[in-house]
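Only one structure is covered here, and it is reproduced in the block below.
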Amino acid sequence: MSTLNILLCGARGFVGRNIKAALIIEGHTIFEAKADFSKDTSPEVWIARLENIDVVINAVGVLRDSQSRPLKAVHSDTPKALFDACATVSQMRATPIRVIQISALGVGSTALDNPTDYAATKREADIHLLSLIKKEQLSGTVLRPSIIFGAGGASSKMFVALSKLPMLVLPKPVLSAQVQPIAVQDLARGVASLLRHSKIDAMYECVGTSALPLAAFIASLREQQGRAAARILVLPAWMTRLSARLGDYLPFSPWCSETLALLALDNLSASSAFAAILGHTQLPLSHYWSQYWSQAWLPPEQDK
């Protein structure tokens, strides 16, 4: 396989760092995008950044809307401008730029599938990229992972902290809505594996092999630590809503109204398609705790 010049957006984030590591192992050259996703909403801004670039990967994402990082700009307007720039540059080349968009499982096709602002903005960018792919203006893939677990992830830190408590007071959606967590190493390796394939589908849902409520996921992490089962109490609905509203005012907290709305929806898919891309079965849930602390697979940083 030939080595590629890859522009990685979001290279310093949780997902981006792991994708970067997997790509370095493959021998690719990584260029971190020097961009402001809250402002770079014009295709012209991006065109100059695409010189000699073979692949663009967008791993930029935020959970909640803020003045400094508005959801619409970060998830929709800037990615669409980036994709349009890739399409423009691709028309002038023999080999089009390849784009990989890291989205999220459950954003759906319409607001009826998921009405949250998070989903709406992610969905807009996905649909735009898929339309460019369909028109053959560029080559690309949308990846929609379920909850991503691994060291450095904000939600992962929260799950780990909860798994250490002997008693938990949890919102009802956490006890009922189903999720299918994927290890961040598998997602990163899946991105690297995609680049070895010349013919791929336009969208893949990226999930692990185990489907379960979040409460059961937290219980599994606790069991893997050798701890006895925790006592579980259900938080009343009014207190759930209040706690989420309070979280809206704490920008460092992964718990907020948007999170509550997302957790109320099942987040499931068949795991076989992504396993085929990986070339092996995803990391079993029973290994998540031991792998959470392992960074042995990560190579030294390569800054460009």
Side-chain angles (χ1 to χ4, degrees), residues 6-16 19 32-47 49-50 53 55-66 68-90 96-148 182 187-188 190-191 194 200-206 258-259 261-262 265 267 269 274:
I6 300 174
L7 182 67
L8 178 57
C9 303
R12 300 300 174 98
F14 165 53
V15 173
I19 290 175
E32 295 187 11
K34 309 298 188 214
D36 185 344
F37 265 60
S38 66
K39 298 177 180 177
D40 292 352
T41 58
S42 169
E44 289 72 24
V45 173
W46 287 98
I47 288 176
R49 298 168 179 162
L50 298 176
I53 293 297
V55 177
V56 170
I57 299 172
N58 178 30
V60 176
V62 292
L63 178 61
R64 53 207 300 175
D65 195 37
S66 68
S68 61
R69 302 194 76 190
L71 278 173
K72 190 173 188 306
V74 173
H75 283 176
S76 178
D77 295 344
T78 297
K80 286 161 68 175
L82 170 59
F83 304 154
D84 284 340
C86 290
T88 297
V89 173
S90 292
I97 291 176
R98 193 164 179 180
V99 177
I100 297 177
Q101 156 82 342
I102 310 298
S103 183
L105 185 65
V107 302
S109 301
T110 69
L112 295 176
D113 300 316
N114 190 327
T116 65
D117 291 339
Y118 175 91
T121 52
K122 279 285 190 183
R123 186 166 56 238
E124 284 178 14
D126 293 357
I127 291 172
H128 190 72
L129 177 57
L130 291 170
S131 70
L132 294 174
I133 295 169
K134 187 174 181 179
K135 295 172 185 174
E136 299 184 345
Q137 294 185 23
L138 48 67
S139 171
T141 306
V142 174
L143 296 181
R144 287 183 167 178
S146 184
I147 288 173
I148 305 168
I182 183 169
L187 177 60
V191 171
L194 278 174
I200 54 173
D201 292 339
M203 184 185 297
Y204 284 94
E205 294 180 332
C206 313
E258 195 81 350
T259 306
L262 291 169
L265 303 170
N267 209 245
S269 183
F274 190 64

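The analysis underlying the following values was restricted to heavy atoms, covering all of them including side chains, and did not include hydrogens, waters or symmetry mates.
- The closest side-chain heavy-atom distance from Leu129 to Leu138 is below 4.5 Å.
- In this structure, the side chains of Val62 and Leu71 come closer than 4.5 Å at one or more pairs of heavy atoms.
- Taking every heavy atom of both residues into account, Ala104 and Tyr118 meet most closely at CB-OH, 3.6 Å.
- Considering only heavy atoms from C-beta on, Ile19 comes within 4.5 Å of Ile102 through its side chain.
- To the nearest 0.5 Å, atoms CG (Asp126) and CZ (Phe83) are separated by 7.5 Å.
- The main-chain N or O of Asp117 is found under 3.5 Å from a side-chain atom of Glu258 such that the two form a donor-acceptor pair.
- Interatomic distance, NZ of Lys80 versus CD of Glu124, reported as 5.0 Å (0.5 Å rounding).
- In this structure, Asn267 contributes its side chain and Leu105 its backbone to a donor-acceptor pair below 3.5 Å.
- Nearest heavy-atom pair across Ala125 and Gln101 is CB-NE2, 3.7 Å.
- A donor-acceptor contact shorter than 3.5 Å links the side chain of Ser90 to the backbone of Ile97.
- Checked by atom type, the side-chain pair Asp84/His128 shows a donor-acceptor distance below 3.5 Å.
- Between the side chain of Trp46 and the backbone N or O of Ala35, no donor-acceptor pair lies under 3.5 Å.
- The minimum heavy-atom distance linking Ser103 with Pro145 is given by the pair O-CD, 3.3 Å.
- Rounded to the nearest 0.5 Å, atoms CZ (Arg98) and CD1 (Ile6) are 10.0 Å apart.
- Of all heavy-atom pairs spanning Val60 and Arg69, the tightest one is CG1-NH2, 3.7 Å.
- A donor-acceptor pair shorter than 3.5 Å can be found between the side chains of Glu44 and Ser42.
- For Ser76 (side chain) and Ala73 (main-chain N/O), no donor-acceptor pair under 3.5 Å exists by modelled atom type.
- Leu63 is listed as a side-chain neighbour of Leu262, based on a closest heavy-atom distance under 4.5 Å.
- Ser68 contributes atom OG, which lies 10.0 Å from atom NZ of Lys39 (distance to the nearest 0.5 angstrom).
- Residue Leu82 holds its CG atom at 10.5 Å from CD1 of Ile47, rounded to the nearest 0.5 Å.
- In this structure, the separation between CG on Leu187 and SG on Cys206 is 5.5 Å, given to the nearest 0.5 Å.
- Put simply, the side chain of Val107 does not reach to within 4.5 Å of the side chain of His75, judged on heavy atoms.
- Between Lys72 and the options Asp65, Thr78, Asp77, Thr41, a side chain to side chain donor-acceptor pair (under 3.5 Å) holds for only Asp77.
- Closest of all the heavy-atom pairs between Asn114 and Gly106 is ND2-O, 3.1 Å.
- Ion pair Arg123/Asp113 not flagged as a salt bridge, since none of the NZ, NE, NH1 or NH2 atoms sits closer than 4.0 Å to an Asp/Glu carboxylate oxygen.
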